[in-house]
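The structure under discussion appears below in the form of structure tokens.
Below, chains carry the letters A, B, ... as their sequence lines are ordered, and counting in each starts from 1.
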Number of protein chains: 2
Amino acid sequence: MGLSKIEKFTAEQNEMAKLAKALGHPARIAIIQFLVKTKSCVCGDIVDELPLSQSTVSQHLKELKTAGLIKGTIDGPSVCYCINDVTWQKAKAMLGDLFESYVSTNSCC
Amino acid sequence: MGLSKIEKFTAEQNEMAKLAKALGHPARIAIIQFLVKTKSCVCGDIVDELPLSQSTVSQHLKELKTAGLIKGTIDGPSVCYCINDVTWQKAKAMLGDLFESYVSTNSCC
DNA sequence: AACATTTATCGTAAAATTACGATTAAGAGA
DNA sequence: TCTCTTAATCGTAATTTTACGATAAATGTT
């Protein structure tokens, strides 16, 4: 069906999946890395940095924005993008907890 | 086109995206959480735990296995699944580094 | 006002994802 | 051997994702 049955899972599981999914594309990883590295964060700079068309980059930015990982503010004719601190910390905490919840054991596999 | 241009990005970006993408579905988050919680990790138990059909769960397990996050060993007629320690630590480190690379600043947005 | 720049959206197409039932394959037990 | 259990794979369908060019919207400039 192509549509995940999100109503069957917990809000936490859906939230974590949403955040992880937003990071589940190399272009979006590249965007995040670029935003972390440079504080400038003008949309055009991101487009120049990525090997993708302007419209495709715009689409990736939209997905990151929808997930809440970044935010954009209009700055004259251009748009200034940057990491959304609140959601970023939440993602860091949620995924960090998941990773730390596993402690290495030689139980079966 | 539906096919991401992975050849345009760095190996690191592709690796991080692959790992994040594997976690980008609530069912797969639920599987991971279950594997962390229980050490038993028999495939049938996972199927019983999730609100999805056996074939769908099998598909999700395959994706997690392809990403390297879990591994399965045949145990008689059933299969024992568990976290793949090596890749898990790698994912933890890579995504952890990404999250920590951002330091809160009130530069523009 | 006309024009240029910047970015979002629209339209489109190919491919991947999600999901399920049905079937197959492999091993355990009678 | 035949049967049962378990799990992977196949076939199929709907939806989403990825990508691009073209167009539109918004702002700044001349």
Exercise. Round to a whole Å and report the spacing from CD of A/Glu49 to P of C/dT7.
Key: 14 Å

Practice problem: For the pair A/His60 and A/His25, name the ring-plane relationship: parallel under 30°, tilted 30 to 60°, perpendicular over 60°. | Solution: tilted

Practice problem: Using atom CG of B/Leu61 as one end and atom C1' of C/dT18 as the other, report the distance to the nearest whole Å. | Solution: 14 Å

Quiz item: Is A/Val42 reachable from A/Ile83 through a run of I, L, V, M, F, W or Y residues, each pair having side-chain heavy atoms under 4.5 Å apart?
Solution: no

Self-check item: Main-chain N/O of B/Gly68 paired with B/Asn84 side-chain donor or acceptor, under 3.5 Å
Solution: yes

Quiz item: Whole-Å distance between D/dT17 C1' and A/Arg28 CZ?
Solution: 8 Å

Quiz prompt | A/Lys21 side chain near D/dT17 phosphate (N/O to OP1/OP2, under 4.0 Å) | solution = yes

Exercise. Assign B/Ser78 to base, sugar-phosphate, or nothing according to its heavy-atom contacts below 4.0 angstrom with the strands shown.
Key: sugar-phosphate

Practice problem: Could you check how far CD of A/Glu63 sits from P of C/dT17, rounded to whole Å? | Solution: 14 Å

Quiz item: In whole Å, what is the span from the NE2 atom of B/His25 to the P atom of C/dT17?
Solution: 11 Å

Quiz item: Out of C/dT6, C/dA19, D/dA7, which nucleotide sits closest to the side chain of B/Cys43?
Solution: D/dA7

Quiz item: To the nearest angstrom, how far is A/Lys8 atom NZ from C/dT18 atom P?
Solution: 16 Å

Quiz item: Just how far, in rounded Å, is C1' of D/dT18 from CG of A/Leu23?
Solution: 17 Å

Practice problem: Using a 4.0 Å cut-off on protein heavy atoms (strictly under), produce a 5'-to-3' string for nucleotides 21-28 of chain D with B for base contact, S for backbone-only sugar-phosphate contact, and - for none. | Solution: BB----SS

Self-check item: Set of residues satisfying side-chain hydrogen bond (donor to acceptor under 3.5 Å, both in side chains) with respect to B/Glu63, sequence neighbours excluded
Solution: B/Arg28

Exercise. Treating Ile, Leu, Val, Met, Phe, Trp and Tyr as nodes and any side-chain heavy-atom pair under 4.5 angstrom as an edge, say whether A/Ile32 and B/Met94 lie in one connected cluster.
Key: yes

Quiz item: Does a side-chain N or O from B/His60 land closer than 4.0 Å to OP1 or OP2 of C/dT17, or not?
Solution: no

Quiz prompt | Whether over 12 other heavy atoms sit under 6.0 Å from B/Lys92 NZ | solution = yes

Exercise. Classify the nucleic acid contact of A/Val42 as base, sugar-phosphate or nothing, counting any heavy atom under 4.0 Å across all strands shown.
Key: sugar-phosphate

Quiz prompt | Donor-acceptor pair (no angle test) under 3.5 Å: A/Gln59 side chain, D/dA19 base | solution = yes

Quiz prompt | For B/Trp88, the option from B/Leu19, B/Leu69, B/Ile70 that meets side chain to side chain contact (heavy atoms under 4.5 Å, CB included) | solution = B/Leu69

Quiz item: Whole-Å distance between D/dT9 C1' and B/Lys62 NZ?
Solution: 7 Å

